[in-house]
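Okay, so here's the structure we're looking at.
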Amino acid sequence: MKPIKIAENIYWVGAIDWDIRDFHGYSTNRGTTYNAYLIMDEKITLIDTVKSSHKADLIARISEIVDPKKIDYIVVNHVEMDHSGALPDMIELIQPEKIICSTMGQKALVQHFHREDWPYEIATPGKDISLGAKTLSFLETRMLHWPDSMFTYVKEDKILFSSDAFGMHLGTSERFDDQVDPAILLDELTKYYANILTLYSPLVKKLIAKIQEIGLEIKMIAPDHGVVWRSNPMMAIEAYDRWSRNEGKGNALIIYDTMWHSTEKMAKEVANGLQDEGISVKLFNLRYNHRSDVMKEVLDASAIILGCSTLNNGLLPRMAGFLMYMRGLRPTNKIGAAFGSYGWSGEAVKLLNEAMTEMKFDLVDEQGIKVKYVPETTDLANCVELGRKVGQALKEKK
Ligand code: FEO
């Protein structure tokens, strides 16, 4: 198993997970990678490890370069198990002089592995650690993605080891951005941000400002998932900058679930109203679309229109699950509207509107549209009108 050289004396020694299709509820249709990096210097340093299931790949790749027992330092940029699962066994094997992590990282490592006796060294921003020819500096990046997260920067090579940030779930034999179709990179980068980082957008905004303020020169970004950005790191930074501002692209999404096609008919008429206003719209039936693929679209959308039939005085389960997921990710700056069919009580539309109000969406119609059983011509015309209203609100907002 070959390591991949990413710079002089720096190697990718991680693992490719071709099989994973679910990452805590996020569909990973193209698999992923757990990236770890080895710096060969007077103090040989391993940056991050891999999921426990892939430990053998990590050891095999390191062993192509050096006996793992010769590693001096292990840097833990992030404690989540996809990067630290193999850590206890690697520590046992390596017996490192230092385990370099943030203050919160030390706490989280103890809470995960219950080893107070490991040789922790706290990485302090502004306090560099020399490896010999290369120097490590650190940036605290709390909540990107966990409280313990930090970035490690190799000053001489201008490489930013960014942990989850700027990463993507993409399993490929290619290791660099210039070896993969840019459309796939953007698609997976978007999906990753939408499903992992949307709720931390204010922190992403601050981080980008900080990088600019300290004038951090970035030649390469080496995240813990997906490709290493060696040719176009600005593509990732500019995308994060854009998403952190929650601007939206002026388009609308209609996200719905339907019991006997009535809500579906309504969805299509709402779409017609939006198109009448010249608004770009996409429809997502939750029966056929995974919540994490829909969230990828929510990230850039300016209007979210939710439709659901009433079931047992509530929502259909797929919509209930989607709402729970979307609320957790806290998308902001959206126009909202709701519609749905019902048989006798009809709570679904009210519940959708309450959820969107809680998310601070601007509702164009506080009641929404409820239709008993099957929509007739006037009901469908009202749905077209709802679409037009959303379209007009979008145009006014521009
Ligand atoms: Fe890739 Fe937050 O773990």
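Computed over heavy atoms, backbone and side chain alike; hydrogens, waters and symmetry mates excluded. We count ligands from 1, going down the list as the structure has it; atoms in each ligand are counted the same way.
Salt-bridge formation is not detected for the pair Glu247/Arg242: no Lys NZ or Arg NE/NH1/NH2 atom is positioned less than 4.0 Å from an Asp or Glu carboxylate oxygen. For Asp72 and Lys98, the salt-bridge test fails: no basic side-chain N is under 4.0 Å from an acidic carboxylate O.
The salt bridge (charged side-chain N to carboxylate O under 4.0 Å, His left out) search around Arg330 returns none, not counting sequence neighbours. By the salt bridge (charged side-chain N to carboxylate O under 4.0 Å, His left out) test, Asp379 pairs with no residue at all, sequence neighbours left out.
Inside a sphere of radius 2.8 Å centred on atom 2 (Fe) of ligand 1, the protein N/O/S atoms present are His78 NE2, Glu80 OE1, His145 ND1, Asp164 OD2.
Pairs passing the ring pair (Phe, Tyr, Trp, His ring centres under 6.0 Å) check and including a residue from residues 125-145, sequence neighbours excluded, read His78-His145.
Applying the side-chain hydrogen bond (donor to acceptor under 3.5 Å, both in side chains) test between His83 and each of Asn35, Asp164, Asp48 identifies Asp164 as the sole match.
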